[in-house]
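Protein chains get the first letters and strands the later ones, always in sequence-line order, with residue 1 at the start of each. Predicted model only: the values in this text are computed from it and were never measured.
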Protein chains: 2
Amino acid sequence: MDIKKRSDCPISSSLDIWGDKWSLLIVRDLMFSKQCTYGDFLKSDEKIATNILASRLQMLETNGVITKQDHPDSKAKVLYKLTQKGIDLLPLMIEINLWADKYFTLPQERKAVIAEIEKDKEAFIKKQIVDFLDDDIPVSPIIK
Amino acid sequence: MDIKKRSDCPISSSLDIWGDKWSLLIVRDLMFSKQCTYGDFLKSDEKIATNILASRLQMLETNGVITKQDHPDSKAKVLYKLTQKGIDLLPLMIEINLWADKYFTLPQERKAVIAEIEKDKEAFIKKQIVDFLDDDIPVSPIIK
DNA sequence: TATTTGTACTTGCAAAACGCAAGCAAATTT
DNA sequence: AAATTTGCTTGCGTTTTGCAAGTACAAATA
């Protein structure tokens, strides 16, 4: 779980944290759902293995991208949320979506979001960020 | 080298292609240098192993992100370049840089580029894209 | 022309990471 | 009290990585 910086390059340093096949999917789930339990992540379509999930959550927490907190309803549950550092990955996630929109066939429900982004990227980002700052929003279902 | 799509999610599909610790560093080198030989990639600070480099170049070529072409000066050399699909990763790379700028200490020479991006992101992207369309530009040195 | 060097890889192998299934402890539900 | 849920951990076989060495061909050098 230690960070091995391969170089001083910002791209390289970023990849050292979330440059694997799973980390950004965890971030994605949190962007759509605002907060997730361990089990929520396991329900995602990609079917991450539980040990890999545990190690990625640890990595992302260690590097300040996500935080763990007590679930208000139960001591058995844990809530994972994005930190500001994690929320700041939103523009990056948007660009991935736009790139994918150009080169893949996207699921229909995702196309609507893309259309909104393409209409006014800055407005979309601002709206999303405001959503994150409000802490008492209901947990929306995960869309992948 | 086969593509195993884990789900229909655009983020996931994108990560299936370049979501590892090395692919975007290859793309980075090509963004800065416009064209690289096999040896150029090996010279980068992160010191990628030759077998990993070969497999990533193959993967990126198979998936249409880069292309191989003959070197005009020598049959022994091979030139790698970004395709349009690869060039379209520029906005993504920019966002990675901006995120890293906020959360890492960047090398001085990279800060200048970031400053230019932050002044006018759209203008920067357009300028870069124009650079790529012009095919007879000199090869600039790699900055990491 | 023979030999050395450069370039783009491939191969072998040990170490690390991954992926799957099972296990486990604490909390919660029945 | 027993069964289930939740968030992990553990074992273990498979895959990927990383390092060093090797190879084939082109090009430069002697």
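- In terms of phosphate contacts, A:Lys68 brings a side-chain nitrogen or oxygen within less than 4.0 Å of OP1 or OP2 of D:dC8.
- Each end of the helix from C:dT1-D:dA30 to C:dT30-D:dA1 yields a helix axis from five base pairs, and these two axes differ in direction by 10° (to the nearest 10 degrees).
- For A:Lys47, the NZ atom counts as densely surrounded, since its 6.0 Å shell holds more than 12 non-hydrogen atoms of other residues, nucleotides or ligands.
- Listed by chain and residue number, A:Glu116 satisfy the side-chain hydrogen bond (donor to acceptor under 3.5 Å, both in side chains) test with A:Lys127 (two or more places apart in sequence, or in another chain).
- The footprint of chain A on DNA chain C, defined by a heavy-atom cutoff below 4.0 Å, extends from C:dA17 to C:dT28.
- Remark: B:Ser74, B:Lys75, B:Ala76 in residues 72-80 of chain B come within less than 4.0 Å of DNA chain D through at least one heavy atom.
- Every side chain to side chain contact (heavy atoms under 4.5 Å, CB included) that A:Asn51 has, sequence neighbours left out, goes to A:Ala49.
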Could you run down the sub-3.5 Å N/O contacts of the protein with nucleotides 16-19 of chain D?
residue, atom, partner, partner atom, Å
D:dT16, OP1, B:Lys4, NZ, 3.2
D:dT17, OP1, B:Arg56, NH2, 2.7
D:dT17, OP2, B:Arg56, NH2, 3.1
D:dG18, OP2, B:Trp22, NE1, 3.0
D:dG18, N7, B:Asn51, ND2, 3.1
D:dC19, N4, B:Asn51, ND2, 2.8

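- Looking at residues two or more places apart in sequence or on another chain, you find a ring pair (Phe, Tyr, Trp, His ring centres under 6.0 Å) between A:Tyr103 and A:Trp99.
- In this structure, B:Leu42 places its CG atom 16 Å from P of D:dA21, rounding to the nearest Å.
- For the ring pair (Phe, Tyr, Trp, His ring centres under 6.0 Å) test, no residue two or more places apart in sequence or in another chain qualifies with A:Phe104.
- Not counting sequence neighbours, the partners of A:Asn97 by the side-chain hydrogen bond (donor to acceptor under 3.5 Å, both in side chains) test are A:Arg110.
- When the shell of 6.0 Å around NZ of B:Lys5 is examined, it contains more than 12 heavy atoms from other residues, nucleotides or ligands.
- Looking at A:Ser13 and A:Asp16, their side chains never bring a donor and an acceptor atom within 3.5 Å of each other.
- Note that B:Arg56 lies outside the cation-pi zone of B:Trp18, set by a 6.0 Å cut-off to the ring centre and a 45° limit from the axis.
- Relative to the ring axis of B:Phe124, B:Lys119 does not place its NZ or CZ within 45° and under 6.0 Å from the centre.
- Residues passing the side-chain hydrogen bond (donor to acceptor under 3.5 Å, both in side chains) test with B:Lys121, sequence neighbours excluded: B:Glu95.
- The side chain to side chain contact (heavy atoms under 4.5 Å, CB included) check on A:Lys102 picks up B:Asp88, with sequence neighbours excluded.
- For B:Ser23, the side-chain hydrogen bond (donor to acceptor under 3.5 Å, both in side chains) test picks out B:Asp20, with sequence neighbours left out.
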